[in-house]
Every structure is written in C-alpha cells, then in structure tokens.
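Data first, discussion second: the structure below is written as structure tokens.
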Number of protein chains: 2
Amino acid sequence: MVQDSIRILQAQGYKATKPRKLVLEVLEQIEKPLSPYDIQGILRQRGKYLNHVTIYRILDLLCSFNLAHKVLSSGGFVKCSLDAVEGCHRFMVCQDCGAIQEFADKELCQEENDLARNLGFHTEHHLSEFSGLCSRCYEK
Amino acid sequence: MVQDSIRILQAQGYKATKPRKLVLEVLEQIEKPLSPYDIQGILRQRGKYLNHVTIYRILDLLCSFNLAHKVLSSGGFVKCSLDAVEGCHRFMVCQDCGAIQEFADKELCQEENDLARNLGFHTEHHLSEFSGLCSRCYEK
DNA sequence: GGCTAAATGCAACAATATTGCAATTAGCCT
DNA sequence: AGGCTAATTGCAATATTGTTGCATTTAGCC
Ligand SMILES: [Mn+2]
Ligand SMILES: [Mn+2]
Ligand SMILES: [Zn+2]
Ligand SMILES: [Zn+2]
C-alpha cells in the first residue's frame with residue numbers, strides 16, 4: 001500500500017505530499033521497472049503533472065529508505081515488495097515479458113560474503129539481478 | 001595482454017585497428033571502471049584522439065566477447081581479468097579506493113539458479129557486484 | 001601499390017541526470 | 001479557520017551519457 005510507505009516517510013520527518021503519493025501509486029500499479037520519465041509520462045496521461053526533477057528527488061528518497069530500488073540492468077525503478085526479510089534484496093527479471101520478482105535469501109548473502117572474504121574482500125552490500133524466463137514465459 | 005584480446009577479435013573476423021588497441025591499453029593499465037569519456041580524456045592526455053562514438057562501439061564489441069565488462073554499479077568499463085573459468089563473472093568493488101576484483105564461482109551460480117528455480121524462475125545470466133572494502137582499505 | 005569491406009569521424013540529436021534559486025505547500029500553532 | 005515557516009516542488013539552465021545516419025578513412029587482401 002501507498003499509505004504504508006507514506007507512513008514510514010512521515011515517521012522519519014518527511015511530509016506526505018501529493019507528488020510522493022502519485023509516484024508511489026504508479027510504482028505500485030505498474031509492476032515493471034520505470035524510468036523517471038516513464039513515470040512522468042504515465043502521470044501525464046492521467047492528467048497529472050510532475051517535473052522530472054521532482055520525480056528524481058522522490059525516487060532518491062524512496063531508495064534511501066529501501067521503499068523502492070533502482071534495477072540497474074534496465075535502469076528503471078520498482079517499488080520494494082519485501083517486508084522485514086533478512087538479506088539483501090535481489091531481483092529476477094524476465095527477458096521476455098519484463099516481469100520482475102524480488103526476493104531475499106540470508107544464506108546466499110552469507111555464502112557470498114564468505115566467498116569474498118576468502119579473496120580478501122569485506123562485503124557490505126550485494127547487487128544481484130538475475131535475467132532469464134519467468135514460469136509463464138518458460139512454458140513456451 | 002592487449003595482443004591476446006586483439007587476436008581473439010581477429011579470430012572472429014574483426015580488424016586489429018589502432019583505436020581498438022588504444023582502448024584496450026587504457027583498460028589494461030588503469031584497473032578501475034572507466035566511462036567512455038574517461039577513456040577519451042586519458043587518451044587525449046597522451047596526445048591521441050578518438051571520437052566518443054568510436055569508444056562506445058569498441059566497448060560494445062569487447063563486451064560482446066566478454067573481453068570487457070560494464071560495471072553497472074558505477075557505470076564504468078573494465079577489462080576482463082578471467083580466463084576460461086566456469087560461472088558468470090562477478091565483481092568486488094572497494095568503496096574506499098575504487099579497486100576492483102573480478103572472480104567467478106560455478107557453485108555459487110548453481111545455488112543461485114536452484115534458488116530461483118524454486119521461485120519458478122529459469123535463470124540464464126547473473127549480474128553480481130559486491131561493494132565493501134578491499135583488504136588494504138580494511139586494515140584501517 | 002590499388003581494391004574493398006570494415007571501421008572510424010563527424011554532426012546532429014536523444015535520453016538521462018544534476019544544480020541553484022524562486023514559488024508553493026504541508027504541518028503546526030494559534 | 002487563518003497565518004507562519006521549513007520543507008518541498010517547479011523552473012531554467014546545464015551536464016552527462018548514449019545513439020543514429022552518412023561521409024571519410026583504413027586494415028587486410030590481392
Ligand atoms: Mn526491496
Ligand atoms: Mn570477465
Ligand atoms: Zn516472462
Ligand atoms: Zn580499497
């Protein structure tokens with residue numbers, strides 16, 4: 001829910017503004033990675049206008065609290081779909097339909113950290129995006 | 001060696017041109033992610049000129065044969081440092097000094113594939129970049 | 001040394017992202 | 001409800017990154 005994210009922002013002292021709700025709504029409804037300009041275009045279709053700078057700033061804020069993420073393999077942003085899980089948030093992206101699924105696995109993080117440690121590296125964060133086929137597209 | 005990469009390109013029917021050698025030289029000498037414009041600037045300092053479009057095209061070509069990679073967390077390109085390993089190529093990037101280390105681990109790939117499969121996803125490629133501290137920077 | 005397909009340069013443009021400052025607004029306090 | 005003020009947004013200008021079509025040059029071959 002948009003309201004959940006808004007409440008988290010308010011708890012941190014940020015205001016519950018109309019532009020923030022609009023961006024959250026779009027991210028929640030369209031569950032595919034969207035660029036700031038994509039979001040602007042979708043809102044324009046709905047008769048709403050936001051400056052792209054505003055959208056950038058809102059996305060930055062959301063990402064800083066892990067309420068949204070930038071998917072680097074496509075450059076778009078998605079709303080976080082996980083809630084109080086352990087381990088870094090990862091994505092699986094379907095090459096065919098663009099569907100995206102987020103997941104986390106604490107043990108996989110641990111294995112990666114151990115592997116890196118053996119190479120002399122102390123890991124603080126993982127970027128992890130898989131591309132392939134979702135179950136729907138695989139049945140073809 | 002630059003010559004190794006050049007020979008691989010030639011084996012595929014691509015020419016051993018001066019611009020390609022120049023870009024490979026820079027990537028090999030400066031072992032940090034470099035944007036196409038970074039590369040152009042470094043070459044300019046050396047009295048060489050390449051159009052940025054040319055650099056983009058050369059990097060695309062190198063990446064298509066895994067002779068270089070784009071590091072998405074920084075947007076820069078690095079020369080591939082692995083040779084005939086199994087498993088996808090991954091990166092560890094030091095937050096302090098920017099040092100980058102490439103590695104691969106077939107078993108980690110397998111575990112990731114299995115994990116995704118359990119979520120109904122058929123993985124074809126992994127994007128995997130760790131950020132943290134290299135051993136040198138960790139000793140502080 | 002000339003021939004030709006491949007590669008590069010050039011110019012124009014498109015997409016993405018950032019900055020400083022003026023105008024607006026959400027939350028708060030009467 | 002109305003005013004106050006810091007936070008937020010809009011605007012304008014600019015920077016950075018990436019792409020396209022076509023003219024020019026060059027590597028590899030004879
Ligand atoms: Mn998440
Ligand atoms: Mn590699
Ligand atoms: Zn799919
Ligand atoms: Zn370091």
Side-chain angles (χ1 to χ4, degrees), chain A residues 2-3 5-27 32-44 46-65 67-78, chain B residues 2-3 5-27 32-44 46-65 67-78:
Chain A
V2 167
Q3 276 308 319
S5 300
I6 288 292
R7 264 189 287 271
I8 290 172
L9 292 181
Q10 282 182 306
Q12 307 290 329
Y14 294 92
K15 293 182 179 176
T17 66
K18 197 185 296 193
R20 285 174 182 158
K21 289 175 192 166
L22 288 174
V23 169
L24 279 166
E25 271 173 31
V26 171
L27 289 181
K32 292 185 177 168
L34 297 174
S35 79
Y37 293 95
D38 290 337
I39 294 171
Q40 189 181 45
I42 290 163
L43 286 172
R44 208 192 309 270
R46 302 180 180 179
K48 314 282 185 183
Y49 172 77
L50 291 185
N51 189 279
H52 73 273
V53 181
T54 299
I55 299 175
Y56 274 99
R57 293 194 274 229
I58 290 171
L59 290 170
D60 282 351
L61 181 68
L62 295 176
C63 287
S64 75
F65 289 107
L67 298 172
H69 305 287
K70 183 168 193 176
V71 181
L72 290 182
S73 49
S74 67
F77 292 83
V78 292
Chain B
V2 167
Q3 275 310 319
S5 300
I6 288 292
R7 262 189 288 271
I8 289 172
L9 292 182
Q10 283 182 306
Q12 308 290 329
Y14 293 92
K15 293 183 179 176
T17 66
K18 198 185 293 192
R20 286 175 180 158
K21 289 175 192 165
L22 287 174
V23 170
L24 280 165
E25 271 173 30
V26 171
L27 288 181
K32 292 183 177 170
L34 298 175
S35 78
Y37 292 95
D38 291 337
I39 294 170
Q40 191 180 44
I42 290 164
L43 286 172
R44 207 193 311 271
R46 301 180 181 178
K48 314 282 184 182
Y49 172 77
L50 290 185
N51 190 280
H52 72 274
V53 181
T54 299
I55 299 175
Y56 273 99
R57 292 194 274 228
I58 289 170
L59 290 170
D60 282 351
L61 181 69
L62 295 176
C63 288
S64 75
F65 290 106
L67 298 172
H69 304 287
K70 184 167 193 176
V71 181
L72 289 184
S73 49
S74 66
F77 291 83
V78 293

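Below, chains carry the letters A, B, ... as their sequence lines are ordered, and counting in each starts from 1. This structure is a prediction, so every number in the text was calculated from the model and none was measured.
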Side chain proximity check, His69(B) to Phe77(B), heavy atoms < 4.5 angstrom: no

Validation row: Gln10(A), Arg7(A) side chains within 4.5 angstrom (heavy atoms): yes

Ile39(B) and Leu59(B), any side-chain heavy atoms less than 4.5 Å apart: yes

For atom CG of Leu34(B) and atom C1' of dT16(D), their distance in whole Å: 16 Å

Ile39(B) CD1 to dT17(D) P, straight-line distance once rounded to whole Å: 12 Å

Exam field: side chain Asp60(A) to backbone Arg57(A), donor-acceptor pair closer than 3.5 Å: no

Whole-Å gap separating P (dA7(D)) and NZ (Lys18(A)): 22 Å

Position toward the 5' end of DNA chain D (nearest nucleotide), Arg57(A) or Gly75(B): Arg57(A)

Gap between atoms CG and C1', on Leu61(A) and dT8(D) respectively (whole Å): 11 Å

Interface residues of residues 48-56 of chain B with DNA chain D (non-hydrogen, below 4.0 angstrom): His52(B), Val53(B), Tyr56(B)

Euclidean distance, atom CG of residue Leu9(A) to atom P of dT9(D) [Å, nearest integer]: 10 Å

Distance, rounded to the nearest Å, where Leu43(A) contributes CG and dT9(D) contributes P: 13 Å

Spacing of Leu59(B) atom CG relative to dG18(D) atom C1', expressed in whole Å: 12 Å

Ser74(B) versus Pro33(B), closest heavy-atom pair with distance: OG-CB, 3.4 Å

Proximal nucleotide (of dG20(C), dA5(C), dA17(C)) relative to the Lys15(B) side chain: dA5(C)

Arg20(B) CZ - dG9(C) C1' separation (whole Å): 14 Å

Note, Leu61(B) side chain near Arg20(B) side chain (heavy atom, < 4.5 Å): yes

Presence of donor-acceptor pair under 3.5 Å, side chain of Tyr37(B) and base of dG18(D): yes

Gap between atom CD of Gln12(B) and atom CD1 of Ile8(B) - 0.5 Å precision: 8.5 Å

